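Working notes for the structure below.
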Amino acid sequence: MVRRILDPLEFKVLKFVQTQKLLSKGESVLVALSGGIDSVSLLHVLLQLREIYRLRVCAAHLNHMLRATADRDEAFVSDLCAKLKVELCVERIDVAKFCEENKLGIEEGARKLRYQFLDNAKRKLQCDVIALAHNLNDLVETMLHRIVRGTGPLGLVAMKPRFQDKIRPFIYIERSEIEEYAKRKNLSFVEDETNYDVRYTRNYIRHVVIPALRRINPSIEKALLQLHVSNMLIERHVKEFLRKQRLVRFKDRTIFSSRKLSDFELVELLRSCVKEFGQQLEFKHVQQLLERAHSPTWKIELAKGLWLEKGFDLFCVEREHDVLESLKIEECGLYDFNGWYFKLNDQIESDQYIFVKLPVLVRVRKPGDRVSSKKLKDLMIEARIPSFLRDEMPVVEKNGIILWVPYVYVDKRLNERLKNDDFLVLNLLENPFRVILELRKEEE
């Protein structure tokens with residue numbers, strides 16, 4: 001077999017592909033081919049690596065129908081792939097119309113449609129991975145864009161060498177290296193004239209902001225690359241930390257313990273919980289959290305209908321939900337009272353139960369509730385019931401007298417008397433406080 005002599009850039013990409021494990025032998029790769037210098041260069045580099053990895057290389061081109069020259073780009077890509085004998089998938093989408101109908105900016109809408117198209121093309125051509133031609137300059141522009149808009153450390157990770165089925169073999173290579181490669185190889189490509197339109201945010205960053213920063217540090221790209229790599233290491237640490245955390249998910253809430261957590265870990269865990277509810281943790285909420293983190297009880301609104309509440313050592317992210325205020329129990333069966341599941345029958349089936357004579361009323365607490373000489377609120381605090389559970393906990397009463405509040409109080413004298421009589425048993429089978437007790441036990 002004749003060994004192919006690689007160009008310095010091709011060899012650099014080969015080493016990067018190997019260290020980052022971007023490709024496996026025998027895979028099919030779909031190149032996102034715009035016709036610009038970056039994507040054309042990436043196509044040629046992968047074709048040079050094809051023999052080494054036994055690759056099948058395909059391409060996909062989306063005509064955004066935004067420019068008069070869009071058809072020219074499509075024709076160029078079609079001719080190039082025909083010449084190189086590369087399978088090509090082409091589609092035309094009216095991006096402007098889509099953005100108008102969906103009230104999206106052109107950049108955002110085009111990006112969304114582009115990735116949808118690439119996913120469809122990957123399935124159509126039966127490819128394993130999608131190769132994107134983003135380079136180091138693209139990464140820097142994205143990082144600066146996110147900094148300006150506001151982001152945390154993990155937001156600066158931005159583009160990764162690999163994310164799911166998408167790979168970026170050029171991501172740590174400067175655009176100038178790619179331009180030199182295209183020149184050495186005498187590659188033809190097309191240029192998107194809108195790349196110079198500074199009305200677009202990314203173009204403004206590219207043509208105005210970065211040149212200004214380069215006057216301060218000529219190696220601005222390498223400086224931000226260091227930041228990117230450092231934040232990727234932080235991200236890996238955070239992912240491992242989140243994987244080990246015990247989260248209690250119960251109906252419309254997620255509960256976790258704050259014990260042994262640093263402020264950074266607390267913020268990242270909360271960020272992850274809020275994301276599960278389809279929201280983003282805002283900086284003002286981070287500030288509020290850090291100001292109050294060590295106070296025992298408080299509540300803040302994270303988004304419309306979404307709340308963060310702390311009770312003792314527990315945090316709770318919960319969506320607003322209806323609370324059942326009372327439930328009359330008159331016959332045997334199963335009952336759900338705000339996530340506290342009861343079973344009434346003639347047998348003891350739980351470690352939390354009471355003997356009853358029907359009917360009994362299950363309700364939420366009321367202002368001024370007392371048992372014996374103590375306020376019910378004080379008893380709940382003594383039992384370390386978190387504040388976010390107190391207003392929907394079951395209070396079992398008969399004829400206006402409180403008989404039982406699970407984990408808090410039980411009328412022992414009445415219980416003993418009914419035990420020796422014809423009785424029924426009200427068993428508490430499952431409830432949110434039980435899982436909280438388990439969580440606390442694990443922490444201890």
Side-chain angles (χ1 to χ4, degrees), residues 38 64 66 95-96 98-100 102-116 132-161 163-164 166 168 171-172 175 192 194-217 220-236 238-239 242 263-264 266-291 300-304 306 308:
D38 296 338
H64 294 76
L66 287 171
V95 172
F98 171 83
C99 292
E100 183 179 354
N102 293 274
K103 297 179 180 178
L104 296 172
I106 290 293
E107 289 178 282
E108 182 185 358
R111 182 181 181 279
K112 184 175 183 178
L113 287 173
R114 186 161 55 250
Y115 280 110
Q116 287 178 358
L132 305 172
H134 296 129
N135 56 53
L136 179 57
N137 297 69
D138 295 317
L139 172 61
V140 167
E141 291 161 15
T142 301
M143 291 175 70
L144 290 172
H145 193 192
R146 292 190 178 187
I147 289 171
V148 171
R149 287 164 52 195
T151 188
L154 302 190
L156 293 179
V157 171
M159 304 168 178
K160 299 178 183 177
F163 181 70
Q164 296 175 352
K166 296 177 178 63
R168 295 182 172 91
I171 196 62
Y172 291 164
R175 185 173 289 121
D192 181 352
T194 63
N195 285 339
Y196 296 94
D197 187 346
V198 293
R199 290 176 298 177
Y200 294 109
T201 304
R202 181 175 289 277
N203 289 343
Y204 185 84
I205 291 172
R206 177 182 302 173
H207 298 296
V208 179
V209 176
I210 292 178
L213 291 174
R214 197 172 282 122
R215 285 197 287 271
I216 301 172
N217 181 359
I220 185 65
E221 288 84 5
K222 288 184 172 61
L224 286 176
L225 175 58
Q226 291 177 22
L227 181 60
H228 177 263
V229 173
S230 297
N231 285 333
M232 285 216 333
L233 296 175
I234 294 173
E235 183 189 53
R236 289 178 196 170
V238 169
K239 282 185 176 179
L242 292 176
D263 286 348
F264 175 77
L266 180 58
V267 169
E268 291 306 319
L269 184 53
L270 178 59
R271 195 188 306 279
S272 175
C273 292
V274 171
K275 191 174 181 181
E276 289 183 359
F277 284 90
Q279 299 291 337
Q280 296 292 326
L281 187 66
E282 297 180 20
F283 180 63
K284 65 179 181 180
H285 299 135
V286 174
Q287 288 179 304
Q288 291 173 323
L289 171 64
L290 296 178
E291 287 169 2
I300 58 175
E301 189 172 26
L302 299 173
K304 186 173 177 57
L306 186 67
L308 169 65

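Along the sequence shown, the residues carry numbers beginning at 1. The structure displayed is predicted, hence computed values, not measured ones.
- Between Leu154 and Glu268 there is a side-chain heavy-atom pair separated by less than 4.5 Å.
- Across all their heavy atoms, Leu281 and Val274 have their closest contact at N-CG1, 4.1 Å.
- Take Glu301 and apply the side chain to side chain contact (heavy atoms under 4.5 Å, CB included) test, not counting sequence neighbours, and it matches Trp307.
- Shortest non-hydrogen contact noted between Val140 and Glu221 is CG2-CA, 3.8 Å.
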Carefully, step by step, assess Thr142 and Arg202 under the rule side chain to side chain contact (heavy atoms under 4.5 Å, CB included).
-> CA-CA 8 Å; Thr142 301; Arg202 181 175 289 277; 2.9 Å; yes

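- Atoms CZ and CG, on Phe264 and Leu269 in that order, are 11.5 Å from each other to the nearest 0.5 Å.
- Here the CZ-NZ distance, from Arg236 to Lys239, works out to 9.5 Å after rounding to the nearest 0.5 Å.
- Interatomic distance, CG of Asp263 versus CG of Leu289, reported as 7.5 Å (0.5 Å rounding).
- When the side chain to side chain contact (heavy atoms under 4.5 Å, CB included) test is applied to Arg114, the partners found at least two apart in sequence or on another chain are Leu62, His64, Ala110, Arg111, Leu118.
- With values rounded to the nearest 0.5 angstrom, Gln288 atom CD is found 8.5 Å from Leu302 atom CG.
- Asn203 approaches Asp197 most closely through the heavy-atom pair ND2-O, 3.0 Å.
- Note on Asp138 versus Arg206: salt bridge recorded, some NZ/NE/NH1/NH2 to OD/OE distance being below 4.0 Å.
- Distance check, rounded to the nearest 0.5 Å: CG of Leu132 to CG of Asp38 gives 11.5 Å.
- At most 12 heavy atoms of other shown residues, nucleotides or ligands fall within 6.0 angstrom of atom OH in Tyr204.
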Pairs of donor and acceptor atoms involving the side chains of residues 226-235, under 3.5 Å and at least two apart or interchain, shall be tabulated with distances.
from: His228; atom 1: ND1; to: Tyr172; atom 2: OH; distance (Å): 3.3
from: His228; atom 1: NE2; to: Val157; atom 2: O; distance (Å): 2.5
from: His228; atom 1: NE2; to: Met159; atom 2: O; distance (Å): 2.8
from: Ser230; atom 1: OG; to: Gln226; atom 2: O; distance (Å): 2.9
from: Asn231; atom 1: ND2; to: Pro153; atom 2: O; distance (Å): 3.3
from: Asn231; atom 1: ND2; to: Leu227; atom 2: O; distance (Å): 3.3
from: Glu235; atom 1: OE1; to: Lys160; atom 2: NZ; distance (Å): 3.0
from: Glu235; atom 1: OE2; to: Lys160; atom 2: NZ; distance (Å): 3.1

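- When all heavy atoms are compared, the tightest approach of His285 to Ile300 is O-CD1, 4.4 Å.
- Looking at every heavy atom in both residues, Cys99 comes nearest to Gly109 through SG-CA, 3.6 Å.
- No donor-acceptor pair under 3.5 Å is formed between the side chain of Arg146 and the backbone N or O of Thr151.
- Pairing each heavy atom of Leu139 with each of Ala158, the nearest pair is CD1-CB, 4.0 Å.
- Between atom CZ of residue Arg214 and atom CD1 of residue Ile220 there is a gap of 8.5 Å, rounded to the nearest 0.5 Å.
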